[in-house]
Amino acid sequence: MVASTHWLASAVGMRTLEAGGNAFDAAAAAGFALTVVEPHLNGPGGDAPLIGHRASDARTFVICGQGVAPARATTAAYRALGVDEVPGTGHLAAVVPGAFGAWLDLLARYGTLPLADVLGPAIGYARDGYPLVAAAASTVATVADMFRAHWPTSAAVYLPGGALPAPGARFTNPDLATTFERLLAEAAAAGPDREAQVEAARRAFYEGFVADAVDAFVSGTPVHDATGRAHTGFLRGDDLAAWRATEEPTVAVPFAGVEVHKTAAWGQGPVLLQQLRLLDALGVDDLVRAATAPGAGDAPDGPLTDLVHVVTEVAKLAAADRDAWYGDDGEVPLDALLSPAYAAQRARLVGAEADGGYRPGSPDGRTPRLARALVAARAAADAGDARGPGVAGLGEPTVSPVGLSPGDTCHVDVVDRWGNRVSATPSGGWLQSSPVVPGLGFALPTRAQMFWVEDGLPASLAPGRRPRTTLSPALALGDGHGFAFGTPGGDQQDQWTVPFLLRHLLGGLDLQEAIDAPAWHSSHVHGSFHPRTHVPRGLVAESRLGPAVLTGLAARGHAVADAGPWTLGRISAAGVRADGLLQAAANPRGRQGYAVGR
C-alpha cells in the first residue's frame with residue numbers, strides 16, 4: 001500500500017509494488033515522481049530524510065538525504081558580504097543536494113528493481129506531461145515577475161512561451177527528463193549489475209555532468225536573492241563529490257504501546273518525541289478519550305478545549321528546546337531531553353493560561369542559549385512588529401513575490417506484503433526559492449537559511465554541517481504491527497502529527513479518521529525559515545473544532561486564528577494492523593493526497 005501527497009506518486013508507488021518491487025523500490029519511484037509533479041514543494045536537487053523498517057530482521061534505520069553546507073560557507077564569508085542572516089532564496093542559501101543521493105542509497109541497500117524501472121515513470125511525466133496542480137500554478141504566478149526580471153532559467157521552464165501555466169494544464173519539463181535519461185545512460189554503461197548501475201548514476205550526479213553544471217552556475221552567475229542584491233554562491237562541484245547519503249540509527253521513545261521513531265537532532269524530529277514524553281508525564285490518556293467522544297466540543301471549557309490547550313503548551317516547550325539545543329552537533333544532550341525525568345520537570349510549566357514566554361529548559365543542568373537574531377526577532381514580534389511573507393503554517397506554502405516561503409514539502413509512506421515500511425519527507429529545491437540550473441531542469445536546496453550566522457550554537461553555520469532541518473518522517477512500531485506516517489508543513493510537521501497520534505493510539509480512531517479530524521498548531525513557535533516569524537501566543541486552528549472550542553481557547557489567552565474548515569496538514573500513513581492486514585490513509589485537504597493498495 002502507498003499513501004502520499006499526490007495521487008500520481010501514490011499510483012507510481014503501487015505500480016512498482018505490483019511489478020514485484022518492495023517498499024523501498026516503491027518509495028523511491030514515488031519520490032522521483034514527486035520531484036516532477038510537485039515542483040513547488042520539492043525537486044531532485046532538494047533534501048530527503050528517510051526512515052525505513054526491514055521486516056525480515058526488524059532493522060529500523062534512517063537514511064540522511066539532508067545535504068551539508070559547502071566548504072567555503074563560513075560565518076566570516078557571509079559577514080564579508082554584509083549578510084548577517086542567510087537569505088531564504090538564491091545561491092547563498094544553497095547546500096549540497098541530498099534527495100537524489102538518498103533515494104539511490106535506499107535502492108542500493110534495500111531495493112530489488114533496476115534503476116530504469118524505478119526512475120522511468122518520473123521521466124515519462126517530465127517528458128510527456130502531467131496536470132499541474134492549482135497550488136503549483138498559483139506559486140508560479142506569485143513569482144512570475146521575479147522570474148522574468150531576474151531568473152531567466154526558471155522563466156524558461158515555468159513560463160513556457162512567456163505565459164502563466166493554468167491550473168490543471170498539461171505541463172512538461174523536457175530538461176529534467178533529459179537529465180534523468182542521461183543519468184540512466186550512465187547507469188546502463190556500468191553493465192548489468194544493479195548496484196553498479198545505481199552507483200554509476202550517483203557518480204554522474206555528484207561527480208559528473210550534474211555537479212559540473214551546478215558548479216558553473218553557482219560560481220559564475222550572480223542571481224537576485226532575498227537581500228535585494230545579486231550574489232554568486234559558495235556551493236561547488238567538489239562539495240557534491242565529497243558528500244554521500246548516510247545510514248544511521250533512529251531515535252525512539254515508547255508511547256501508547258508502540259515505539260515512535262524519528263531522526264536525531266540534526267532534524268526537528270525529536271520535537272515530536274519530547275511532546276509525547278511531556279504528554280505522558282501529564283497523563284493525557286483519559287483527556288484524549290474524553291476529547292474524542294461525541295459532543296466533546298460543545299462547551300468552551302470542555303475536554304476538547306482542554307486537549308487543544310495542553311497540546312499547544314507542550315508544543316511551545318518542545319520547540320523552545322529545539323531552538324536552544326538542536327543541530328548537527330555531537331554535544332546535543334538528546335538523552336537528557338528525551339528522559340522521563342526531564343519531561344516531568346518540564347510538564348510542571350504547563351498552566352491553565354496560554355504562556356507568552358519562550359522557555360527552553362536546562363537538560364543536565366546546562367544553560368540554554370538562543371541565537372541573537374532569534375531573540376531580536378522575538379522582541380520585535382512581541383512589540384507588534386512581526387515580519388514575514390504571510391501567515392505561516394497552512395497546508396501549502398505561503399509564498400511571497402520574491403520567493404520567500406515558510407517551507408512546505410511532500411510526503412510518502414509505503415508498506416509492502418512482507419511488512420517492510422518506509423516514511424519519507426522529500427523537500428527543497430522548490431521552484432520559487434532557487435533558480436533552475438541551466439540545462440538540468442531543477443533548482444538547488446535553500447536549506448542553509450536555517451543556519452545561524454553566529455558562532456558557537458548547535459545550529460551555527462559551519463562547512464560540512466547539516467542545517468537543522470524541519471523535515472520529519474516517522475515510524476510507529478509495535479510487536480508485528482505499526483505504521484509509517486508524516487506530513488508536509490515546515491515547522492508544523494511535528495505539531496500536526498501529535499493530535500493524529502493521540503486520536504489513533506489513545507482515542508480509538510482509525511488512521512483515516514485521525515487524519516480527517518480537525519487540526520491545529522501553535523504559531524507562537526518560531527519559524528525555522530527566513531525571516532523567522534512568530535505570533536505571540538498564536539494558535540492556528542481549523543474551524544471544525546467548533547466555535548465553543550475556539551471561544552474557550554481565546555478565553556485562555558491564545559491568539560486564535562481561524563484557518564477555515566479543511567486547511568492544516570497533509571498527513572498520510574501506511575502500515576500493518578495488529579491482525580496482519582495492511583492499511584493506509586491519505587489527507588483530503590487540498591484534494592490531492594491519495595492512498596492506494598490491494
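Counting begins at 1 with the first residue of the sequence.
For Arg346 and Asp321, the salt-bridge test passes: some basic side-chain N is under 4.0 Å from an acidic carboxylate O. Using a cutoff of 4.0 Å between basic side-chain nitrogens and carboxylate oxygens, Glu454 and Arg369 are scored as salt-bridged. Ion pairing between Arg589 and Glu542 holds under the 4.0 Å rule for side-chain N and carboxylate O.
Side chains of Gln495 and Gln275: no donor on one and acceptor on the other come within 3.5 Å. Side-chain contact of Arg447 with Ser427: a donor-acceptor pair under 3.5 Å is present, judged by distance alone. Residues His53 and Arg59 have side chains that never bring a donor and an acceptor to within less than 3.5 angstrom of each other. Defined by atom type and a distance below 3.5 Å, a donor-acceptor pair is present between the side-chain atoms of Ser472 and Asp494. In this model, a donor atom of one side chain and an acceptor atom of the other lie less than 3.5 Å apart for His534 and Arg378. Of the N and O atoms on the side chains of Asp491 and Thr470, not one donor lies less than 3.5 Å from an acceptor on the other residue. Side chains of Thr250 and His261: a donor-acceptor N/O pair is present below 3.5 angstrom, by distance only. In this model, no donor atom of one side chain and acceptor atom of the other lie less than 3.5 Å apart for Asp479 and His481. Checking Trp266 against Glu248 by side-chain atom types alone, a donor-acceptor pair falls below 3.5 Å.
Expressed to the nearest 0.5 Å, how far OG1 of Thr409 lies from CZ of Arg570 amounts to 8.5 Å. Taking CZ of Phe500 as the start and CG of Leu505 as the end, the distance is 7.5 Å to the nearest 0.5 Å.
Note: Tyr358 and His524 have tilted aromatic rings, judged against thresholds of 30 and 60 degrees for the angle between ring planes.
Atom CZ of Arg591 has 12 or fewer neighbouring heavy atoms from other residues, nucleotides or ligands inside a 6.0 Å radius.
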